[in-house]
Amino acid sequence: MSDAPRPSNFLRTIIRDDLESGRVAAVSTRFPPEPNGYLHIGHAKSIGVNFGLAAEFGGQCNLRFDDTNPDTEDTEYVESIIRDVLWMGHAWAGEVRYASDYFPQLHAWAQHLIREGLAYVCELSPEDTRLYRGTLTEPGRNSPFRDRPAAESLALLERMRVGEIDEGRMTLRARIDMAAPNLNLRDPVLYRVKHSRHHRTGDAWHIYPSYDFAHGQEDAIEGVSHSICTLEFEDHRPLYDWFIEHLPVPARPRQYEFARLNLSYTVTSKRKLKQLVEEGHVEGWDDPRMPTISGLRRRGLTPASLRDFVERTGVSRSESVVDLGMLEFCIRDDLDKQAPRAMCVLRPLKLTIRNFPAGGGEALQAPRHPSREDLGTRVLPFGRALWIDREDFRVEAAKDFKRLVAGQEVRLRNAYVIRAEDVVCDAAGEVIEVLASYDPETLGKNPADGRKVKGVIHWVAADAAFDCEVRLYDRLFRDALPDAADGGFLANLNPGSLEILRGCKAEASLAEAVVGDRFQFEREGYFCLDPRRGEGDVPVFNRTIGLRDTWAAGNKGG
Ligand code: ATP
Ligand code: MG
């Protein structure tokens, strides 16, 4: 899938051993998102691991929505998740699956546990349930409802199911061991009453299985061989194994845990991302500053660079924080290879070539990519009136300023050598126009008489360029660990994370761009055409990333 080497990891080792020993005949994994938010880069990792391992070992990977909580779930999220998984380039086995499809089976298994004396309907209040649970150092106490007859529990569960019981009044609990050192085994809740409408099953159910009761059994129903999840579920594994042991399930999945992906300058929690959206700190789930897959896509990342990144982060059982620089490296690496080059002037300053014939425009040619001849060439209109970037001109400058200085020469990228001869200033003394001359003998080659031209700048022809908006993004948070920052992640937002530049001038060939197209704007970075138009109905280009890592070089601590 990517060129990156595939270092071995403990999951690969386990799967290889399982196949060699014959413990499993075929590898089956799944990606099981809850549709209560958009996928983020942590999910991309889980997607990479599950789909990647299945593909590598000739197995299959399911996409299953873990839709067991109607309070927070929505079809908008289902649709976005499907879009994101497809965009990442993965294909799941068969139809999309839903935990809600298994509600009848899970309910039947709950009744089975009651009949076996392994579950009971409990009427402790949520608060008392917590108190009776005990702590890590103290055992819990048995619920007074623990020994009620199975027939009574079955009847009550039915009343819960059809909606006769208020939320919070009753739960169905497993009957395991209130003194178990592992708190997850202290009679965990299997079902709770919820009267909200479910986005798929509507009002058919008034009870919903807990995550713990649903997850392992869903894997068993689907014949998942390796249930891969993150480390926070390690302590739940004994409970999952208990269910599998005590239920007539068709298969016995085994769970393996790995450390979740944490990324510097980033929060990866759906709850927090949702808060950023709902409180208006960002434009939406797909804001290009968001670490959501939809945000990263709008920002201009390629699926290949995201897959490459998650692969490079490896799989381990120890928690760590991956440097955002690694993601940025993967993005640049991929875009450099494929993004067509173009020129766009972000802060336009007028430049007039006085010895170029008025009205005598010229059509120069330039390669779309320096090493990809297959991408062909583009027409680059040239003329008497040009735009250059304000930052590329100085009336006076130190020697290390390798751009245009009054009285000196510079090369226009893909075109001629010019000399700045004079300037026009406004009343405030601000330069508003540079008056220049060009040397017609220097197209694509250095001056013949041995003059040294130290710099190259980009430009566009004023007659052929079109206006656009450019959005420059910076890290959304100031600190590497926003979750640990004083005042929490919201107090750590970077006020300069978005800079909008209007009246930018794009070269003519960019007019053909379609939404999602990615370019390298020469000397400025990698950009992607946004789905939405900017002020004045002009195209918007998002900067995916700069050409070099400027953050380390002095942008820090801002
Ligand atoms: P969040 O913590 O953001 O709420 P979640 O784990 O509750 O995420 P799910 O929809 O349950 O979200 O996640 C689907 C799958 O993605 C799970 O298997 C989960 O373990 C995995 N996953 C979520 N976050 C990460 C992460 N940061 N790194 C690796 N895998 C992750
Ligand atoms: Mg979860």
Side-chain angles (χ1 to χ4, degrees), residues 340-373 375-425 431-468 504-512 519-525 547:
R341 277 35 174 181
M343 293 193 283
C344 181
V345 173
L346 271 43
R347 304 156 198 89
L349 172 64
K350 196 171 170 192
L351 182 137
T352 303
I353 300 179
R354 290 187 293 187
N355 63 338
F356 194 88
E362 190 181 351
L364 305 180
Q365 296 277 326
R368 289 196 191 267
H369 192 282
S371 58
R372 293 273 308 272
E373 275 174 33
L375 295 180
T377 57
R378 64 197 209 260
V379 174
L380 211 52
F382 187 81
R384 183 181 162 89
L386 307 180
W387 296 110
I388 63 167
D389 199 292
R390 192 166 284 287
E391 313 235 305
D392 284 339
F393 177 75
R394 296 265 196 289
V395 176
E396 282 173 40
K399 276 213 155 39
D400 60 354
F401 184 77
K402 293 202 172 54
R403 307 183 213 174
L404 184 60
V405 180
Q408 297 182 27
E409 293 189 317
V410 79
R411 171 172 293 284
L412 295 178
R413 177 82 179 145
N414 297 309
Y416 302 94
V417 171
I418 59 163
R419 174 183 297 275
E421 296 178 328
D422 210 345
V423 293
V424 179
C425 295
V431 176
I432 52 168
E433 185 180 356
V434 178
L435 303 172
S437 63
Y438 86 122
D439 180 346
E441 300 304 315
T442 54
L443 181 62
K445 59 180 197 287
N446 284 321
D449 57 7
R451 276 135 59 207
K452 281 221 171 68
V453 180
K454 39 181 193 173
V456 180
I457 63 171
H458 61 286
W459 56 279
V460 294
D463 291 344
F466 63 92
D467 276 34
C468 66
C504 306
K505 308 286 181 185
E507 88 169 47
S509 79
L510 286 167
E512 296 154 24
F519 301 90
Q520 184 195 100
F521 287 175
E522 301 204 51
R523 302 182 60 239
E524 293 289 3
L547 292 176

Which atom pair, heavy atoms only, marks the closest approach of [X] to [Y]?
| X | Y | value |
| --- | --- | --- |
| Val379 | Pro381 | O-CD, 3.6 Å |
| Val453 | Glu409 | CG2-OE1, 3.8 Å |
| Thr442 | Arg411 | O-NH1, 3.1 Å |
| Pro348 | Cys504 | CG-CA, 4.5 Å |
| Arg390 | Val431 | NH1-O, 3.5 Å |
| Tyr416 | Pro440 | CE2-O, 3.6 Å |

task = Show the numbers, then the answer: is there a side-chain contact (heavy atoms from CB on, under 4.5 Å) between Leu510 and Phe519?
result = CA-CA 9 Å; Leu510 286 167; Phe519 301 90; 3.6 Å; yes
message = Quick one: does any side-chain atom of Arg419 pair with a main-chain N or O of Ser437 as donor and acceptor, under 3.5 Å?
response = no
query = Any donor and acceptor pair, going by atom type alone, linking the side chain of Arg403 with main-chain N or O of Val456 inside 3.5 Å?
reply = no
Qualifying residues under side-chain contact (heavy atoms from CB on, under 4.5 Å), relative to Gln408, sequence neighbours excluded = Val405, Lys454
task = Apply side-chain hydrogen bond (donor to acceptor under 3.5 Å, both in side chains) to Arg413 and list each qualifying residue two or more places apart in sequence or on a separate chain.
result = Glu522
Leu386 and Ile353: CA distance, side-chain angles, deciding distance, side-chain contact (heavy atoms from CB on, under 4.5 Å) verdict = CA-CA 8 Å; Leu386 307 180; Ile353 300 179; 3.7 Å; yes
query = Has Lys445 got more than 12 heavy atoms of other residues, nucleotides or ligands less than 6.0 Å from its NZ?
reply = yes
Drop me the distance from [X]'s [atom1] to [Y]'s [atom2], to the nearest 0.5 angstrom.
| X | Y | atom1 | atom2 | result |
| --- | --- | --- | --- | --- |
| Leu404 | Asp389 | CG | CG | 12.0 Å |
| Leu412 | Leu351 | CG | CG | 7.0 Å |
| Leu346 | Cys468 | CG | SG | 7.5 Å |
| Thr352 | Leu435 | OG1 | CG | 6.0 Å |
| Phe401 | Glu396 | CZ | CD | 12.0 Å |
| Leu375 | His369 | CG | NE2 | 6.5 Å |

Is the closest side-chain heavy-atom distance between [X] and [Y] below 4.5 Å?
| X | Y | value |
| --- | --- | --- |
| Val417 | Val410 | no |
| Met343 | Arg378 | yes |
| Lys505 | Asp467 | yes |
| Ile388 | Val345 | no |
| Phe466 | Val460 | no |
| Phe393 | Val423 | yes |
| Lys350 | Val424 | no |
| Asn414 | Pro367 | yes |

query = Less than 4.0 Å between a side-chain N and a carboxylate O, is that true for Asp392 and Arg523?
reply = yes
Cationic N near anionic O, under 4.0 Å, Arg451 to Asp439 = yes
request  = Please work out which of the three classes, parallel, tilted or perpendicular, describes the rings of Phe382 and Tyr438, given edges at 30° and 60°.
outcome  = tilted
